[in-house]
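Written out below as structure tokens is the structure these notes cover.
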2 protein chains.
Amino acid sequence: MAETKEYLYPSKWLSKASAGDRVACELRMRIISGMVESGTILSENTLAADFAVSRSPVREALKILASEHIIRLERMGAVVIGLTEKEIEEIYDVRLLIETFVFERLVRMDTTKLVQELSKILEMMKIAIKYQDADEFSYQDVLFHETIIRAIDHSYMLMIWNNLKPVMESLILVSMRGRFKEKYDDFPRILKNHELYIEAIQSKDRNLMIESLHQNFNDVQGKVEDLWMSQQMLSKGVEQE
Amino acid sequence: MAETKEYLYPSKWLSKASAGDRVACELRMRIISGMVESGTILSENTLAADFAVSRSPVREALKILASEHIIRLERMGAVVIGLTEKEIEEIYDVRLLIETFVFERLVRMDTTKLVQELSKILEMMKIAIKYQDADEFSYQDVLFHETIIRAIDHSYMLMIWNNLKPVMESLILVSMRGRFKEKYDDFPRILKNHELYIEAIQSKDRNLMIESLHQNFNDVQGKVEDLWMSQQMLSKGVEQE
DNA sequence: TCAAGTATACTTGTATACAAGTATTATAAT
DNA sequence: ATTATAATACTTGTATACAAGTATACTTGA
């Protein structure tokens, strides 16, 4: 059994999590970062041994990851699907779909409180950049969009978001960690886009919203791919079971 | 422990299902039909005793239902959320959103094979009506829409559908069973709408699609509510733990 | 060397056991 | 009568045990 040297998922985010959640989060990061390649077959017993837990939490984790569609539960073993370029695009299709729907609701609401909340999160993001804290930045970035979605109080939109969130979170984490090392000058632009987004919500300007949304996605999308590839290259060195 | 007299979920659909799935499906039906009222607190142990299985499958079932947002997992016990009028509307928001997106993709595809498949399903629906088989009709109805969604080969749209499907399925089952008894003359109209839908896909007529889609929803939506209420009334007589 | 059949070692699904924690209830003291 | 404390009976999360089923590998026969 290969000793797991270090964890990809921020341990501070797991303070109250169950063993099942821990395994799910860590495994998800390994899959999305490319450390565990797609096609790999995961066994409950092996994973249980690797993570030093029993099969119960592992089973739970595999169920979670299967519902996120990054693994496929088969008769014998779970097959890693991972994220291809196509699937990353699909994720953004969904985000675009959701957030456009949400915006249509927002324009008919009082958004002053929401705008204030978003501004706060934006400030947090700035500070995260200042201290080069990629994880904190990712957290706030995800929170930013979640806050917008929660604002319309639509349980099924929230359901979709909740299904998408873990994968998004991992994707953003991987992406941001890479950029804090390499492309530090990207961040002013990201912040600008979020500012535009807030402005669009404030002024209820549909076009501005769509524009900043697309910008936001282009920001992440184009770069994630490069990074993801490089991560995959990088992880070729890691020993595989 | 109250003996469970009869099952709401069609047992033939559970031929290869695990005990966890069985519990999930049956419990879902009871919640959505109103037999288990919202606010009820479910305990793993009690459910395990009721369904004569161990806690493992029950835990699995509760996780599934929680991801579908019809129960809420709390520190002690799972609280039944159920479907309010608002949530039923929200489900149709999502369906509208998905299927509109799907249609946009379809108009850029060769849909001859899809149309053929849908026609087959429609014939099946007709036969189900002929033999007054509400369950079979529901099955084909769900399959109809799933077939359309699968056609565009979009894993994340499919993911959303998969999350929505069980609840939809239960909702349609409850609705159709009621209508086979009471409002038998609704069905020609339902069939007509599905025909229109196929026609829209065939001719790639966006307006026709939107129209038939809305019709389809109105068909189910307005009536579901009445039925749901009446079901709730009806189930008041059933003894509750 | 190759085919067929059996045995073995894995797989999942379910049951059960146990530990840690929480609510409730009963008891005791003011 | 009311409040505080302690005991009890629940809760969940995790580990482990076991049964049924499947793939793999090995052995035996030609």
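Lettering of chains follows the sequences in order, A, B, ..., and the numbering in each one begins at 1.
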Reading nucleotides 9-15 of chain C 5' to 3', which nucleotides get B (base under 4.0 Å from a protein heavy atom), which S (sugar-phosphate only), which -?
--SBBBB

Please identify each residue that fulfils side-chain hydrogen bond (donor to acceptor under 3.5 Å, both in side chains) with B/Ser18, with sequence neighbours left out.
B/Asp21

The salt bridge (Lys or Arg N to Asp or Glu O under 4.0 Å) partners of B/Glu136 (sequence neighbours excluded) come to none

Test of understanding: with side-chain contact (heavy atoms from CB on, under 4.5 Å), list the residues that count as partners of B/Ser56, not counting sequence neighbours.
B/Ser54

Got a list of side-chain donor-acceptor pairs under 3.5 Å for residues 158-166 of chain A, not counting sequence neighbours?
| from | atom 1 | to | atom 2 | distance (Å) |
| --- | --- | --- | --- | --- |
| A/Trp161 | NE1 | A/Glu146 | OE1 | 2.9 |
| A/Asn162 | ND2 | A/Leu158 | O | 3.3 |
| A/Asn163 | ND2 | A/Met159 | O | 3.2 |
| A/Lys165 | NZ | A/Glu146 | OE1 | 2.9 |

Taking only residues two or more places apart in sequence, or in another chain, which ones meet B/Asp153 in a salt bridge (Lys or Arg N to Asp or Glu O under 4.0 Å)?
A/Lys86

